[in-house]
Structures are given as C-alpha cells and as structure tokens.
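Just follow the structure's listing: the first ligand is 1, and inside any ligand the first atom is 1.
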Amino acid sequence: MPKIKAQEQLPKERIHNFNEVSFGYTLEEGQKEAERCLQCKRAPCRQGCPVGIDIPAFIALIKETKFLEAAWKIKETNSLPAICGRVCPQEIQCEKFCTLRHKDEPVAIGRLERLVADLEIEKGFKIPEVRKKLKTPVAVVGSGPAGLTVAGDLARRGYPVVIFEALHQAGGVLVYGIPEFRLPKKIVQAEVSYLESLGVSIELNTVIGQTLSLDDLFKEGFKSIFLGLGAGAPVFMKIEGENLNGIYSANEFLTRVNLMRAYLFPEYDTPVKRGKRVAVIGGGNVALDAARTALRLGAEKVYLVYRRTEAEMPARQEEYEHAKEEGVEMLFLTLPVKFEGKDGWVEKMVCIKMELGEPDETGRRRPVPVPGSEFSLDVDQVIIAIGTRANPLLISRVPGLRLNERGYIKVNERGRTSKKGVFAGGDIVTGSATVISAMGMGKVAAQAIHDYLS
Ligand code: FAD
Ligand code: SF4
C-alpha cells in the first residue's frame with residue numbers, strides 16, 4: 001500500500017499567508033497509514049528516536065482506532081509530540097530505519113505522531129498522577145526543547161521545577177525561530193501548558209546572569225540547575241558593507257516576524273523591512289525559514305545563496321521542496337563577497353562562483369572560489385543565516401564553568417558540567433542541532449539530576 005499523502009495548502013495560496021502549510025492527516029488517513037506498519041519484532045525505527053518512543057506500540061493503537069491511547073503511549077517518553085510530529089527531521093531519524101524503506105517509502109511516523117498529539121490537545125490532556133511530591137526544587141534556565149524536556153521529566157518524578165526564560169514567551173527557537181507556517185504558536189503554547197499542568201512554573205522575562213546569578217538561584221534554595229540556553233548569538237560574514245541598512249541576521253528577522261508579530265505592524269508595534277528583492281545566505285532550516293518568510297511578507301524575488309551544492313544542504317528535504325514549490329530561487333556554489341549601498345541602504349550584493357575542492361574536516365568537499373567569476377545581484381534586503389554561537393552573557397559570568405574549544409559548555413555524557421549541581425544540554429552544548437536531539441540530551445540530564453539529588 002503506498003504511503004498516504006497529507007493534504008497541503010497550495011503553493012500559490014500559501015505564499016500569501018502565515019497559516020500552516022501541511023494540514024496533517026485526518027483520522028481515516030492516519031488509520032490507513034498505520035495499516036502499513038509491519039509491527040516489526042525488533043522495531044528498527046526505535047533506534048532512530050533520541051527520546052525512545054515505543055513507535056510500533058503507538059502505531060498499533062492507531063490501527064485499532066485508539067487514537068487518544070496512542071497519544072498517551074507517546075507521552076510516556078515524549079512531552080512535546082505535537083511539536084516533534086511537525087519539525088523533527090524524521091527522514092534522518094526514526095523513518096530512516098523503518099523496514100519499509102527497503103521496498104517502499106517508510107511509514108510516516110512523524111505525521112502519525114502529530115495526528116494523535118493534535119487530537120489530545122483538542123480533547124484535553126490526560127495529566128499523569130505524580131506518585132510522590134519531593135521537596136528538592138530544580139531550576140531550569142531556558143525554555144527551549146531541552147529545558148522543557150528536563151522540566152517535564154523532573155516534574156513527573158515529583159520535583160518542584162521552575163523554568164527561567166529571558167524572553168516574554170516560553171518555547172525558545174520553537175517560538176522565536178521556527179515560523180508559524182511550520183509550527184503554529186498555539187501548538188507550542190498547548191504543549192507548554194501541559195507541562196504547567198504537571199506543576200512546572202515558568203518565570204518569563206528573567207535573564208539569568210543579569211537579573212539573577214546562578215549563585216542567587218542556589219541561595220534561593222534550588223538544589224540543582226539545568227542550563228538549556230540554546231545558541232542564539234548570530235554569526236556574521238565579516239565582509240565589506242555588512243553594516244548597511246536592510247541587512248539582518250536571520251535571528252533578528254525571524255524573531256521580529258514570528259515572536260514580535262512584525263508582519264501585523266502597526267497592530268503589533270515591531271516593524272520589519274519588507275524587501276522586494278531579498279537574498280538569504282545559508283543552506284539550513286534557518287535560511288529556508290527566512291526565505292519563505294520573506295516571500296510571505298511580499299517579496300517579488302527571493303534568492304537562497306549557498307556556497308555548496310544541493311547535496312550538502314543541511315536543511316530538511318521537505319522544507320527544501322516546499323521552498324522550491326513556493327518559488328525561492330536557489331543559487332548554489334555562490335558566495336557573497338561584498339555589499340554595496342546608497343544612502344546607507346543595501347542595493348547590491350557582489351558574489352563569486354565556487355567549485356568543490358578537497359574534503360574538509362567535516363568530510364564535505366570544501367568550496368573554493370573560481371577566479372574571475374564575480375557577478376552582482378540587485379537586492380534591497382539581505383538575511384544572513386550562516387550559523388549561530390553561544391551567547392556569552394551567562395556562561396562568561398560563571399566561575400569554574402568549563403567551555404569546549406568552540407565556546408560551548410563542556411559536559412560529560414550525562415550532561416554534568418564542571419560546576420557542582422549544574423547540568424546542561426541542547427544547543428548550548430552541541431552548537432546547533434535539532435529539536436529532538438536537544439530533547440534527548442534533556443532526558444539524559446533529567447535522569448542525571450534525579451540521580452544527583454537522590
Ligand atoms: P533554544 O530552543 O535556543 O532555547 C533556549 C532558550 O533559552 C531560549 O528561549 C532563550 O531565550 C533562553 N535563554 C538563553 N539564555 C538565557 C538566560 N541567560 N536566561 C534565561 N533564559 C535564557 N530543528 C529541528 O529539529 N527541525 C527544524 O525544522 C528546525 N528548524 C529550525 C529553524 C530555525 C529558524 C532555528 C533557529 C532552528 C531550527 N532547528 C530545527 C534547531 C532547533 O530548533 C534547535 O536545535 C533547538 O531549539 C535547540 O533547543 P535548546 O533548548 O537547546 O535551545
Ligand atoms: Fe512499523 Fe517501520 Fe517500525 Fe517496522 S520499522 S515497526 S514497519 S514503523
């Protein structure tokens with residue numbers, strides 16, 4: 001039986017709105033897709049899931065039309081299934097290992113997860129009973145997927161947990177980075193309120209390292225602290241003209257549009273430039289999100305400028321296909337070398353063509369400039385999405401906290417830092433990874449915190 005396709009908004013319609021692109025499965029479609037699962041005894045799909053979901057078990061429940069039971073089964077190990085079902089790169093995780101991939105397309109595990117998680121949101125959450133209430137409070141700094149996972153796992157074990165979040169809304173990249181058309185804010189909000197109903201409290205607008213130090217938290221009585229700070233400081237290209245107006249980091253651009261609702265200006269009071277000819281630099285999910293957001297803000301031409309080729313792009317395949325359907329023009333093997341402007345605003349981007357040379361330290365072939373291949377593009381907005389790094393605000397102020405050679409927090413395999421009682425996980429440890437790997441690290445750290453406190 002072929003894989004069941006989920007319905008989507010048509011490209012020509014969706015580039016004019018911020019509504020979700022995929023409608024997901026109906027219950028009937030989901031049940032049909034679940035029928036494809038072979039219920040393999042050794043369940044290879046499970047090896048690809050960093051949070052250990054019992055995939056065949058939840059799919060078997062869908063087959064039997066026990067949709068809510070399927071959601072509860074997932075919730076045994078994953079507190080954020082409606083989020084994971086939308087943005088996890090299943091093609092390189094659970095679905096990559098599905099037995100069916102040898103003969104046909106793998107089971108659409110992510111879509112099935114989304115279906116039942118959405119149903120549970122609609123019908124109301126089942127709140128698991130906490131057997132024993134403990135008296136050792138834990139502080140979690142940062143409310144991205146890593147912090148939310150630690151908070152959920154510890155709350156379920158009975159710990160009083162407080163999350164401290166610098167921004168005015170909880171969710172980390174899930175709210176300030178990933179756009180509404182891929183992950184609606186109401187879905188993130190619903191899964192955050194599930195954690196609140198487990199007893200997690202959230203202190204918003206609190207920058208640890210500024211408003212309170214880690215020592216203040218210990219003095220307030222927290223017995224352990226988890227740092228899930230993400231890696232939110234943008235990296236720039238450091239080329240001529242980069243300070244011209246109209247040139248944004250993807251972080252700033254996406255935060256303005258997503259979290260601060262700049263696309264509804266002046267109803268929401270954060271403005272953003274709506275470019276007509278926009279160049280986005282980079283080849284990952286962040287670059288694609290920025291390009292597709294620029295289209296939805298009314299750009300007539302959006303270029304995605306990437307120095308390697310399509311084969312090396314780190315972005316999710318589905319998002320890349322969606323971006324192409326929407327009309328984003330891909331300029332591969334291209335590197336911007338200079339920006340030119342008039343009256344302080346960007347007008348031109350000078351680029352050079354690249355070719356692939358010998359493999360670099362990552363094993364990918366290194367792009368090298370082709371002499372004499374410079375050309376320029378007329379642009380009125382540029383968005384730079386070439387990566388991020390750790391924000392030093394907190395970590396530079398914690399004596400004794402060891403960092404690795406790339407400036408991220410050094411931890412052991414259980415998320416333990418060099419500072420007693422302090423654990424860390426997610427992008428602040430890895431640099432930048434995925435939602436589910438941040439959650440996987442959160443799960444490991446939650447267990448380690450529990451062992452430390454027991
Ligand atoms: P974050 O999500 O970054 O959360 C960290 C939180 O800590 C933030 O809310 C921040 O405000 C807060 N914080 C930081 N410092 C302090 C402080 N001193 N005091 C208090 N709070 C603080 N991954 C996927 O799997 N699939 C995708 O499709 C995908 N798309 C992406 C699109 C974009 C635009 C971006 C930027 C990333 C994307 N990723 C995707 C990557 C993924 O979102 C991250 O790997 C993941 O969010 C990391 O989780 P985290 O909890 O470590 O950090
Ligand atoms: Fe089902 Fe694929 Fe997992 Fe087998 S590997 S149990 S077919 S999802």
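Between L167 and ligand 1, no pair of N/O atoms sits closer than 3.5 Å.
With hydrogens left out, the protein atom closest to atom 41 (C) of ligand 1 is A433 O, 3.4 Å, a heavy atom. In terms of protein heavy-atom proximity, atom 14 (C) of ligand 1 is nearest to L229 O, 3.2 Å. Remark: minimum distance from atom 22 (C) of ligand 1 to any protein heavy atom is reached at A166 CB, 3.8 Å. Of the protein's heavy atoms, V286 CG2, 3.6 Å lies nearest to atom 33 (C) of ligand 1. Closest protein heavy atom to atom 28 (O) of ligand 1: R182 NH1, 2.7 Å. Looking from atom 32 (C) of ligand 1 to the surrounding protein, the closest heavy atom is D289 OD2, 3.2 Å. Atom 53 (O) of ligand 1 has as its closest protein heavy atom G230 CA, 3.3 Å.
A heavy-atom separation below 4.0 Å is found between T206 and ligand 1. The shell of residues lying under 4.0 angstrom from ligand 1, judged by heavy atoms, excludes L393.
Between F18 and Y263, the two ring planes are parallel [angle under 30°; tilted spans 30° to 60°].
By the criterion of a separation under 2.8 Å, the protein N/O/S atoms near atom 4 (Fe) of ligand 2 amount to C40 SG.
Between E20 and the options R182, R86, K185, K186, a salt bridge (Lys or Arg N to Asp or Glu O under 4.0 Å) holds for only R86.
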